[in-house]
Amino acid sequence: MTRLPEEVHSNKAFGWAAKDSSGVLSPFNFFTRHEIVGEVTEIGCKVQKFKVGDRVGVGCMVGSCHSCDNCMNNLENYCPKMIFTYGTKYYDGAVTHGGYSNIMVVNEHFAVSIPENLPLDATAPLLCAGITVYSPLRFYGLDKPGLRVGVVGLGGLGHLAVKFAKAMGTNVTVISTSPSKQKEALENLGADSFLVSRDQDQLQAAIGTLDGIIDTVSAQHPLLPLLGLLKSHGKLVILGIPGKPFELQVFPLIQGRKLLGGSMIGGMKETQEMIDFAAEHNIKTDIEVIAMDYVNTAMDRLLKGDVKYRFVIDIGNTLRPSS
C-alpha cells in the first residue's frame, strides 16, 4: 500500500492465534492476523504520536471514515466504513493482509502505545480479546466495585473478562459447562465463585444473584438459564458469534426489566485506555509463545482445545525475509 505522511513503519515482533471459549478452533480468529505488537522503525513526516523505538500495537482495524457520528465519538469500531486489519480494501484500494509478516505500515491513529511494564507477547491478545471484554464492562456499567458479574466461558475471552472484572472490584462468578475448570477459575484467575451451567441444582441456587453477565461463548447455547441468573434490571451481554441464531423467549426479559445487549471490540481511545488499565493492574494474557514453523502443529492443538489460552507467534525471531 502507499505510505502516507501520517503512517508508522513498525518492525513487528508478535502475532497470535487463538481458540474460542468453547474449545473449538475458530478459523475467523486464527486466520485474521490481528493483535500485533512491535517497535517503531520509521515514521512519516507528520507523525506526532510516536517516535522510532516506541513499543506499539495494532488491533482489529487500520482505518475508518473519520467523519461519521461514530468516528466523531471515538467509536471507530462501529464506523460503517471501518477498515479491518485483514481482508478489506485500504484507502488506496489495496487489500489489507494483517500481521503475518515481519513489518507493517499503519496510520498512527490506529496504533496504541504499550507501556514498558507490559511484556509484548502477553499484551498482543489484549488488542482484540482484551478490549472485547473491557469495553462492555465499562459501557454497561458492570465495572462498579461490589457488583456481581458472571463470565460465561473460560477461554481466551473469558479468562481476560475475569481478570478485568476483578481489577475493577467486582465479585466474579465463572459459569462453565466444564467442572474441571473450577480450580483454574478460583485459584489461578481469582474468581469468587464457580457455577456449572449443566447442574440444575447450582443454577436454581443462583437464580437472581447477578447484576450482569459477560457471555463469551461462540458455540450454540441456551440463553434462558442465563437470564434467570440475573437480578431485576440485570444485563446479559453477548460477545460470541454462534453459527446459528439464538432462540429467545421474550417474557424473561420483560419480567425484571432485563437487558440483552452486545459489543464488538472498542474505539482507539478506549483501546488505549484498556492497555493503560492493564498496565496499572498488571493484567496479561495467559499465553504460549510459538515459532512460525509451529503453526500447523498449533492448529492441530487448537482443534483439541489444547491451549491456555492463546498461542502467540514470535514472528520477529522466526520469520525472515526470503534471500
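Just so you know, these numbers come straight off a predicted model, no measurement behind them.
Under the 4.5 Å side-chain heavy-atom criterion for ILVMFWY residues, no single connected hydrophobic cluster contains both V56 and V52. Residues M268 and Y91 share a hydrophobic cluster, clusters being chains of Ile/Leu/Val/Met/Phe/Trp/Tyr side chains in contact below 4.5 Å. Hydrophobic clustering keeps L224 apart from L210 (ILVMFWY residues linked when any side-chain heavy atoms are closer than 4.5 Å, directly or through intermediates).
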Please tabulate, for the side chains in residues 247-255, all donor-acceptor contacts under 3.5 angstrom to protein atoms that are two or more places apart in sequence or on a different chain.
none

Quiz: residues 57-70 side-chain donor-acceptor pairs under 3.5 angstrom, not counting sequence neighbours:
unit_1	atom_1	unit_2	atom_2	d
N70	ND2	Y78	O	2.8

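Sparse packing is recorded around CE of M72, with 12 or fewer heavy atoms of other residues, nucleotides or ligands lying under 6.0 Å away. Within a 6.0 Å radius of NZ in K49, more than 12 heavy atoms belonging to other residues, nucleotides or ligands are found. Counting heavy-atom neighbours within 6.0 Å of Y294 OH, excluding the residue itself, gives a total above 12.
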Side chain to side chain contact (heavy atoms under 4.5 Å, CB included) between V37 and L127, intermediate numbers included: CA-CA 9 Å; V37 294; L127 295 167; 3.8 Å; yes
Trace of the side chain to side chain donor-acceptor pair (under 3.5 Å) decision for E270 with Y134: CA-CA 9 Å; E270 189 175 44; Y134 179 91; over 6 Å; no
D143 vs R138, salt bridge (Lys or Arg N to Asp or Glu O under 4.0 Å): CA-CA, chis, key distance, verdict: CA-CA 6 Å; D143 56 349; R138 290 297 198 202; 3.0 Å; yes
Side chain to side chain contact (heavy atoms under 4.5 Å, CB included) between E42 and V105, worked out: CA-CA 9 Å; E42 297 179 35; V105 180; over 6 Å; no
Pair E184-K308, salt bridge (Lys or Arg N to Asp or Glu O under 4.0 Å): steps then yes or no: CA-CA 11 Å; E184 169 73 7; K308 196 176 76 173; 3.3 Å; yes
Step-by-step side chain to side chain contact (heavy atoms under 4.5 Å, CB included) determination, I213 to L229: CA-CA 9 Å; I213 296 174; L229 297 175; 4.2 Å; yes
Verdict with supporting geometry, K166 and D192, salt bridge (Lys or Arg N to Asp or Glu O under 4.0 Å): CA-CA 9 Å; K166 285 298 298 179; D192 298 282; 3.0 Å; yes
Audit row: L230, L236, side chain to side chain contact (heavy atoms under 4.5 Å, CB included) steps and yes/no: CA-CA 8 Å; L230 294 174; L236 172 58; 4.0 Å; yes
Worked check of salt bridge (Lys or Arg N to Asp or Glu O under 4.0 Å) between E76 and K81: CA-CA 9 Å; E76 301 92 341; K81 297 181 179 180; over 6 Å; no
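Judged by distance alone, the side chain of D211 and the main-chain N or O of G234 form no donor-acceptor pair under 3.5 Å. Not a single donor-acceptor pair under 3.5 Å links the side chain of S176 to the backbone N or O of G153. A donor-acceptor pair under 3.5 Å links the side-chain atoms of E35 to the main chain of A129, judged by distance alone. Here the side chain of S135 pairs no donor or acceptor atom with the backbone of G266 at under 3.5 angstrom. Between the side chain of K163 and the backbone N or O of L189 there is no donor-acceptor pair closer than 3.5 Å. Judged by distance alone, the side chain of D215 and the main-chain N or O of G240 form no donor-acceptor pair under 3.5 Å. The main-chain N or O of V196 is found under 3.5 Å from a side-chain atom of Q202 such that the two form a donor-acceptor pair. In this structure, T132 contributes its side chain and M264 its backbone to no donor-acceptor pair below 3.5 Å. A donor-acceptor pair under 3.5 Å links the side-chain atoms of T285 to the main chain of A122, judged by distance alone. Between the D199 side chain and the D201 main chain, a donor and an acceptor come within less than 3.5 Å of each other.
Here the side chains of I275 and P115 are in contact, with some heavy-atom distance below 4.5 Å. Annotation: side chain of I175 is in contact with side chain of T173 (closest heavy-atom distance under 4.5 Å). Counting heavy atoms from C-beta outward, Y140 and I214 have side chains that stay 4.5 Å or more apart. Under the 4.5 Å side-chain criterion, counting only non-hydrogen atoms from C-beta, K183 is not in contact with F194. Side-chain contact check for L147 versus N171: every heavy-atom pair is 4.5 Å or farther apart. Proximity of H97 to Y86: side-chain heavy atoms (C-beta onward) are nowhere separated by under 4.5 Å. Within the 4.5 Å cutoff, side-chain heavy atoms of V289 are placed close to those of I287. No side-chain heavy atom of T96 sits under 4.5 Å from any side-chain heavy atom of T85.
Ring centroids of H281 and F164 are separated by 6.0 Å or more, keeping the two rings apart.
At least one cation-pi condition fails for R55 and F50: the charged atom is not both under 6.0 angstrom from the six-membered ring centre and inside a 45 degree cone around its axis.
In this structure, the separation between CD1 on I313 and CD on E288 is 11.5 Å, given to the nearest 0.5 Å. Once rounded to the nearest 0.5 Å, the distance linking CG of L302 with CE of M299 reads 7.0 Å. K231 contributes atom NZ, which lies 12.0 Å from atom NZ of K258 (distance to the nearest 0.5 angstrom). Separation of atoms CZ (R301) and CD1 (I290) is listed at 8.0 Å; rounding is to 0.5 Å. In this structure, the separation between CG on D314 and CG on L120 is 10.0 Å, given to the nearest 0.5 Å. Going from atom CG of N117 over to atom NZ of K284 covers 8.5 Å, rounded to the nearest 0.5 Å.
Closest approach of P125 and V312 over heavy atoms only: CG-CG2, 4.0 Å. Contact detail for L137 and A165: the closest heavy-atom pair is CD1-N, 4.0 Å. Nearest heavy atom pair, residue S197 against residue T177, reads OG-CG2, 3.3 Å. Between L203 and P225, the shortest heavy-atom distance links the atoms CD1-CB, 4.3 Å. Of all heavy-atom pairs between G267 and N77, the closest is N-OD1, 3.1 Å. Closest of all the heavy-atom pairs between V133 and L239 is CG1-CD1, 3.9 Å.
Under the 30°/60° scheme for interplanar angles, the aromatic rings of Y309 and H159 are found to lie parallel.
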